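Below: the structure, in structure tokens.
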Amino acid sequence: MHQEDLFKKLTAHCKEYGFIFQSSEIYDGLSAVYDYGQYGAELKNNIVKYWWDAMVLLNDNIVGIDSAIFMHPSVWKASGHVDAFNDPLIDNKDSKKRYRADVLIEEYIDKLEEKISKEVKKAAKRYGDKFDETMFRQTNKRVLDNIELIDSVKKRFIEASEKGDLEGIRQIIIDCKIADPESGSRNWTDVRQFNLMFETRLGSVSEDASKIYLRPETAQGIFVNFMNVQKSGRMKLPFGIAQVGKAFRNEIVARQFIFRMREFEQMEMQFFVRPGNEHEWYEYWKEKRMKWYKALGFDENKFRFHDHVKLAHYAKAAADIEFAFPFGFKEVEGIHSRTDYDLGQHQKFCGRKLQYFDTELNKSYVPYVVETSIGLDRMFLTLLAAAWDEEKIEKDNGAQDQRIVLRLPPSLAPVKLAVFPLVRKDGLPEISQKIRDDLRFDISCQYEEKDSIGRRYRRQDAIGTPFCITVDHQTKEDETVTLRYRDTMKQERVPAGKLREILGEKVSMKKLLQTL
RNA sequence: GCGGGAGUAGCUCAGUUGGCAGAGCAUCAGCCUUCCACGCUGAGGGUCGCGGGUCCGAAUCCCGUCUCCCGCUCCA
């Protein structure tokens with residue numbers, strides 16, 4: 001099967017079986033926004049629990065918080081998002097390619113600098129030992145012209161950027177005769193500003209209200225509460241703060257189903273360490289986080305690390321955990337060594353000390369941070385893609401059959417157990433419902449009596465229910481039921497009274513967490 | 001935003017040259033009482049994405065518009 005087909009089937013399956021719907025579908029939908037349906041919400045909750053327990057429950061030195069989406073506007077100035085998430089974009093009309101205007105100008109400056117160093121090299125060759133580079137740079141006309149040009153372009157660019165003068169930025173590209181690096185065309189559109197942060201207004205009267213942003217990442221809610229948590233929890237370094245929450249980014253193009261959405265959910269943990277220890281902890285969390293994925297029991301080759309060469313403005317080292325989606329290996333989680341950048345910035349902007357007194361070293365310092373940041377929606381998609389199976393079966397009479405089954409880890413499955421009466425009479429429904437009512441406090445159960453037994457099994461396969469039990473006439477005699485396994489379709493006869501014992505272990509999160 | 005493809009029943013899709021809106025699955029009711037999709041009978045369900053135009057007549061041709069999918073940039 002082609003991978004692209006698989007992805008299409010997966011998205012169709014999500015809609016058909018109540019995992020994910022497009023937002024506002026009856027009004028033609030809202031681009032790149034999705035709603036989680038009845039089974040989607042369950043699965044999502046289970047993923048969150050698996051993560052939260054792995055981080056907070058199992059680590060004495062990690063606590064969880066839940067910070068607000070609205071934050072003081074200064075937070076985003078301090079974090080660098082106001083500047084870094086503001087990209088001026090320009091399109092080339094001939095090649096139809098889109099570029100960041102600032103990158104085009106930077107590349108132009110790089111080229112000029114290359115020219116200068118070429119000039120210097122050439123001269124060095126010509127003058128031999130007598131060559132004085134400083135002198136040459138100060139006197140050579142071509143070098144001086146280029147330096148002057150670089151300075152003027154830089155000055156114009158900084159001025160235009162500060163004023164938000166998009167026409168000015170475009171004029172630099174025109175004046176410098178910057179061409180599309182691919183096609184060589186100079187046929188440019190206007191420069192447009194894409195602010196990746198959503199803006200809204202806080203305040204009762206719109207005129208007095210101040211502009212605020214919907215957070216583009218949850219991390220800052222952790223950083224601004226660093227002192228609160230450290231003091232109130234009497235936390236000692238190293239320690240971590242975890243959080244699950246919504247974040248918002250106004251993506252230029254948001255695609256690939258729930259992989260890149262405008263409103264998405266992050267599960268982040270910021271781990272605060274003594275400066276100098278950050279590398280050790282970075283490696284620790286890389287391994288720890290990878291283990292979390294591998295514990296799910298899928299093909300391990302589908303997960304890999306991708307180390308970043310180009311780093312974000314705040315990072316010292318960065319690696320992604322990638323999953324082999326039908327559209328290629330893509331990032332699910334990022335592990336970043338963020339240095340003291342964020343706390344340092346907030347310390348500067350808010351004017352208060354955001355420091356930790358280290359009793360061992362007998363001094364105060366701004367801790368370094370190692371971040372683990374996973375996209376919950378991406379994890380959801382990872383699970384579905386990994387669990388999806390279209391199985392070909394040979395029936396007893398030799399006919400071809402197929403079933404679609406989600407091989408989800410039992411502890412994460414939206415429904416753990418389905419209870420069926422074999423037929424809808426002779427008191428079998430009543431017995432079934434009694435069993436369901438008895439188990440529902442411990443195990444997420446579903447009762448179904450419609451359609452043939454085979455169909456009911458297949459419907460549960462399609463939503464990933466790991467176990468089904470069927471109550472038949474024999475149940476009335478010896479209180480045993482048929483237990484049917486999703487993955488193998490095998491059946492066995494078990495006493496109804498022992499179901500909790502047999503299944504409880506299999507579907508519990510505990511078993512999964514113990515392997516970490 | 002630009003280029004390419006698509007939009008018909010809840011889902012998957014047919015629909016010829018412009019001439020009565022279709023199938024399978026699903027749903028509902030009744031019958032059957034069955035351990036792995038597809039037993040029998042019947043019923044409901046459509047502004048053919050939306051708006052306009054051409055025509056005696058448009059799902060079909062033309063224009064506009066919205067949404068989705070695939071590429072170009074960014075990221076969790």
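In this text, all values refer to a predicted model and were calculated from it rather than measured experimentally. The figures that follow rest on heavy atoms only: side chains count, while hydrogens, waters and symmetry mates do not. Naming: A, B, ... by sequence-line order, numbering from 1 per chain.
In terms of the side-chain hydrogen bond (donor to acceptor under 3.5 Å, both in side chains) criterion, residue partners of A/E278 (sequence neighbours excluded) are, by chain and number, A/K316. Not a single salt bridge (Lys or Arg N to Asp or Glu O under 4.0 Å) links A/K288 to another residue, sequence neighbours left out. The ring-ring contact (aromatic ring centres under 6.0 Å, His included) search around A/F305 returns none, not counting sequence neighbours. Scanning for side-chain hydrogen bond (donor to acceptor under 3.5 Å, both in side chains) contacts around A/R456 gives an empty result, with sequence neighbours left out. Looking at residues two or more places apart in sequence or on another chain, you find a ring-ring contact (aromatic ring centres under 6.0 Å, His included) between A/F467 and A/Y485. Applying the salt bridge (Lys or Arg N to Asp or Glu O under 4.0 Å) test to A/R378 and every residue at least two apart in sequence or in another chain returns nothing. A/F271 meets the ring-ring contact (aromatic ring centres under 6.0 Å, His included) test with A/W281, A/W285; sequence neighbours excluded. Annotation: salt bridge (Lys or Arg N to Asp or Glu O under 4.0 Å) contacts of A/K286 (sequence neighbours excluded): A/D307. The side-chain hydrogen bond (donor to acceptor under 3.5 Å, both in side chains) check on A/Y284 picks up nothing, with sequence neighbours excluded.
Between A/D461 and A/R486, none of the side-chain N atoms (NZ, or NE/NH1/NH2) sits under 4.0 Å from a carboxylate O, so this pair counts as no salt bridge.
Within 4.0 Å of A/D472, counting heavy atoms only, lies at least one base atom of the nucleic acid. In this structure, A/Q491 reaches the bases: a heavy-atom distance under 4.0 Å links it to at least one base atom across the strands shown. When heavy atoms are screened at a 4.0 angstrom cut-off, A/T470 is found touching base atoms of the nucleic acid.
Here B/rU34 presents its C1' atom at 15 Å from CZ of A/F420, a figure rounded to the nearest Å. Across the protein-nucleic acid pair, A/E391 atom CD and B/rC36 atom P stand 15 Å apart, rounded to whole Å. Straight-line distance from the CD atom of A/E16 to the C1' atom of B/rC13: 13 Å, rounded to whole Å. When the C1' atom of B/rC74 is taken as reference, atom CE of A/M197 falls 15 Å away, rounded to whole Å. Atom-to-atom, CD1 of A/I374 to C1' of B/rC75 comes out at 15 Å; the value is rounded to the nearest Å. Going from atom CG of A/D320 over to atom P of B/rA76 covers 7 Å, rounded to whole Å. At whole-Å resolution of the value, CG in A/D35 and C1' in B/rC68 are 16 Å apart. Distance NE2 (A/H306) to P (B/rA76): 12 Å, rounded to an integer number of Å.
Of the candidate nucleotides B/rC35, B/rA76, B/rC70, B/rA76 has the atom lying nearest to any side-chain atom of A/R249. When distances run from any side-chain atom of A/R458 to the nucleotides B/rC70, B/rA37, B/rC35, the shortest one goes to B/rA37.
Across the C1' atoms, B/rG44 and B/rA9 are found 11 Å apart, a figure rounded to whole Å. Straight-line distance between the C1' atoms of B/rG71 and B/rU47: roughly 35 Å, to the nearest whole Å. Only the P atoms considered, B/rA43 is 12 Å distant from B/rA23, to the nearest whole Å. Annotation: B/rC35 and B/rC69 have their P atoms spaced 43 Å apart (nearest Å). To the nearest whole angstrom, the two P atoms, one in B/rA14 and one in B/rU73, are 33 Å apart. Only the P atoms considered, B/rC66 is 23 Å distant from B/rC11, to the nearest whole Å. Separation of the P atoms belonging to B/rA26 and B/rU67 is 34 Å when rounded to the nearest angstrom. Rounded to the nearest Å, the gap between the C1' atom of B/rU60 and that of B/rC55 is 13 Å.
Nucleotide B/rC56: paired with B/rG19 (Watson-Crick or G-U wobble, both distances less than 3.5 Å). The partner of B/rC35 cannot be assigned: no Watson-Crick or G-U wobble pair with both contacts below 3.5 Å exists in any strand. With both pairing distances under 3.5 Å, B/rC68 is matched to B/rG5 as a Watson-Crick or G-U wobble pair. As the counterpart of B/rA29, B/rU41 is assigned, both hydrogen-bonding distances of the Watson-Crick or G-U wobble pattern falling under 3.5 Å.
Using modelled atom types and a 3.5 Å distance limit, the side chains of A/R493 and A/T480 yield a donor-acceptor pair. With hydrogens and angles left out, the side-chain atoms of A/T218 and A/E268 include a donor and acceptor closer than 3.5 Å.
Annotation: of the two residues near RNA chain B, A/H473 and A/G375, the 5′-most nearest-nucleotide partner is A/H473. Both A/Y34 and A/R403 lie close to RNA chain B; mapped to their nearest nucleotides by heavy-atom distance, the more 5′-ward contact belongs to A/R403.
Between A/K15 and B/rC11, a side-chain N or O to OP1/OP2 separation shorter than 4.0 Å is present. The side chain of A/S452 contributes an N or O atom lying less than 4.0 Å from OP1 or OP2 of B/rC38. Look at A/Q22 and you won't find any side-chain N or O under 4.0 angstrom from OP1 or OP2 of B/rU67.
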Pairs under 3.5 Å (N/O, protein and nucleotides 24-31 of chain B):
from, atom 1, to, atom 2, distance (Å)
B/rA26, OP1, A/R455, NH1, 2.2
B/rA26, OP1, A/R455, NH2, 3.3

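Less than 4.0 Å separates RNA chain B from at least one heavy atom of each of the following residues of residues 421-429 of chain A: A/L422, A/V423, A/K425. Listed by residue number, the members of residues 263-272 of chain A with any heavy atom below 4.0 angstrom from RNA chain B are A/F264, A/Q266.
Of the possible donor and acceptor atoms, none in the side chain of A/T475 sits under 3.5 Å from a partner among the backbone N and O of A/V471. Between the side chain of A/R262 and the backbone N or O of A/F248 there is no donor-acceptor pair closer than 3.5 Å.
Counting distance only, with no hydrogens placed and no angle test, the side-chain atoms of A/R456 and the base atoms of B/rC35 include no donor-acceptor pair under 3.5 Å. No hydrogens or angles were tested; on distance alone, nothing pairs the side chain of A/D461 with the base of B/rC36 as donor and acceptor under 3.5 Å.
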Yes or no on salt bridge (charged side-chain N to carboxylate O under 4.0 Å, His left out) for A/E390 and A/R403, after CA distance, side-chain angles and deciding distance?
-> CA-CA 6 Å; A/E390 207 172 334; A/R403 66 165 185 152; over 6 Å; no
